[in-house]
Amino acid sequence: MMSLSDQKTNRTSSFNHSMMPSVKSKLMKNFGRTKEKILQGMGKTDRTSDENFDVYVQNFESQHAQVSKLNKELNKYLNCLRETQKSSKAFYDTLRETYEADWPASDLFAEQIELLEIKWSDYLAKLHKDVQLPLVSYLNEFPEHKKKIEKRYNRLLDYDNARHTLQNAEHKTSKKLGQNAHSTINNTSAGSSSSSSSTASNNHATTDQLTKLTKLKIELEDKQHVYEDLNQTLCLALPVLYENRLKFYSSMFQTFFHTETIFHSDCVEAKSKLDDICEKLSIETSQMRVGQTTEVNSVEIERDLPPIDSESTDNNNDYSTDENETDNQHNTNSITEFAPNLNSEPVGGGSGDGGGGVSVRPVEQSTSLIYSYLVDRISESSQDERRNQGGKFLYKVKATYPYDPKEIDELAFDKEDIIAVVDGTESEKEDLDEGWLIGIHELSNKRGLFPENFTKKI
């Protein structure tokens, strides 16, 4: 019975014996290929060439390099888009949080932002599925063809090496046969007994040489057959791969730009709706400010107007003719002072001697007209006061370019218009940006902000 160590030794020995032929054969092939490369490099032997195949290989390498670069840049582009999506999501989430719930169309505002996030996800998923994956699949075809090209190159070296080996063997055999023939002739003329043994030895050597040549020819045919089969396969496959690049690129590019167009169109639509919402918010805010300003001004006017005592008016209607004569004359002078164009005629007829009474209707009409006139005067005074707030004029400027205001508190003007620059109130100074001035238009008397670089000092 064999021990464990003996069994292990036998298994190792049998394994080494089974591996020896394949290792030796591989080493011999590598040695022959290396030798052939060196001889071809030194110009000692010729190389089997195929110009058409060399063109195929050149196109293949150029195409492979271009596809690899395209895949690399596409990966960079998609990585940048993913980072942009993250930044966009964070920013728009902040916008959604900032837009308060009681503002106009807050639900629609949040809905459009959520729609943008969905469009981003669909966009990246479609680029990965319909652009990146097909490109990777197309790129994976090249390593297989590259291995076949390298294998074909090695088979060509084997074929050239076998061809050169056969040529050398034929040359040596031919030379040996000539020497044997010459030796046989000399031995025959000598007629010695040793000549027969020498002739037999030469015939045996010749037979061995011929057998070796036959074996080399068979080996050359086998290697030639392997090389030509692989070469023919590549000569059919490489041109097809190269020509199909147009079909693949056109489909890929069309899918890519179609996806880009849809995504950006959807984003433009969503952002346009967001812009409309914000514009509505701006308009409502402006209207709210104008309403508040009008209300404040109305309160100030009403506060400054003297109250009208209806009871006093009614009591005045009961005055006697003698008592009202002097007062009526005073009221007439007052009316002429405030409203010189007012004309009123008594409705109830009175004597020219001052004995006639003044009726109720003319008194009410005169009081209403005076009240309306005073309201207009106070309103104009209030406007002039607001227009001249901020102190005296600092200096005047002339417009070098026309300006169309973007906000309600800005001043519109045309080229060559004159504007008086004022210091402004404290609240106006707080909101005043650098490069802007406060002024009053010389023609319209309107007050507002305007850009300094649209004017020049005069």
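All values reported here derive from a predicted model rather than from experimental measurement.
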Lys406 side chain to Asp404 backbone, donor-acceptor under 3.5 Å: yes
Ionic contact status for Asp93 with Arg96, cut-off 4.0 Å: yes
Mutual orientation of the aromatic rings belonging to Tyr249 and Tyr138 [parallel < 30°, tilted 30-60°, perpendicular > 60°]: perpendicular
Closest approach of Glu141 to His145 (non-hydrogen atoms, all atoms of both residues): O-CD2, 3.1 Å
Glu144 with Lys147: basic N within carboxylate O range, under 4.0 Å: no
Donor-acceptor contact below 3.5 Å, side chain His164 vs main chain Asp160: yes
Distance-minimising heavy-atom pair for Tyr403 and Leu411: CD2-O, 3.3 Å
Passing candidate, side chain to side chain contact (heavy atoms under 4.5 Å, CB included) with Glu452, options Leu437, Val421, Val397: Leu437
Working for side chain to side chain contact (heavy atoms under 4.5 Å, CB included), residues Leu238 and Asn59: CA-CA 8 Å; Leu238 293 181; Asn59 292 337; over 6 Å; no
Lys146/Glu150 salt bridge by N-O under 4.0 Å criterion: no
Aromatic ring pairing Tyr123/Phe263, orientation class (parallel under 30°, perpendicular over 60°, tilted between): parallel
Atom of Leu230, atom of Lys148 and distance for their closest heavy-atom approach: CD2-O, 3.9 Å
Shortest non-hydrogen contact between Lys429 and Asp423, atoms and distance: NZ-OD2, 3.0 Å
Test item: Thr214 side-chain N/O and Leu210 main-chain N/O as donor-acceptor pair under 3.5 Å: yes
Exam field: side chain Thr165 to backbone Asn161, donor-acceptor pair closer than 3.5 Å: yes
Donor-acceptor under 3.5 Å (Thr98 side chain, Thr94 main chain): yes
Result of checking Arg155, Arg152, Gln232 against Tyr227 for side chain to side chain donor-acceptor pair (under 3.5 Å): Arg152
Check: Asn75 side chain, Asn71 main-chain N or O, donor-acceptor pair, under 3.5 Å: yes
Which atom of Ala399 lies closest to which atom of Thr455, heavy atoms considered: CA-CG2, 4.0 Å
Any donor-acceptor pair under 3.5 Å from Thr400 side chain to Phe454 backbone: yes
Donor-acceptor contact below 3.5 Å, side chain Thr84 vs main chain Cys80: yes
Main-chain N/O of Ile277 paired to Gln112 side chain as donor or acceptor, under 3.5 Å: no
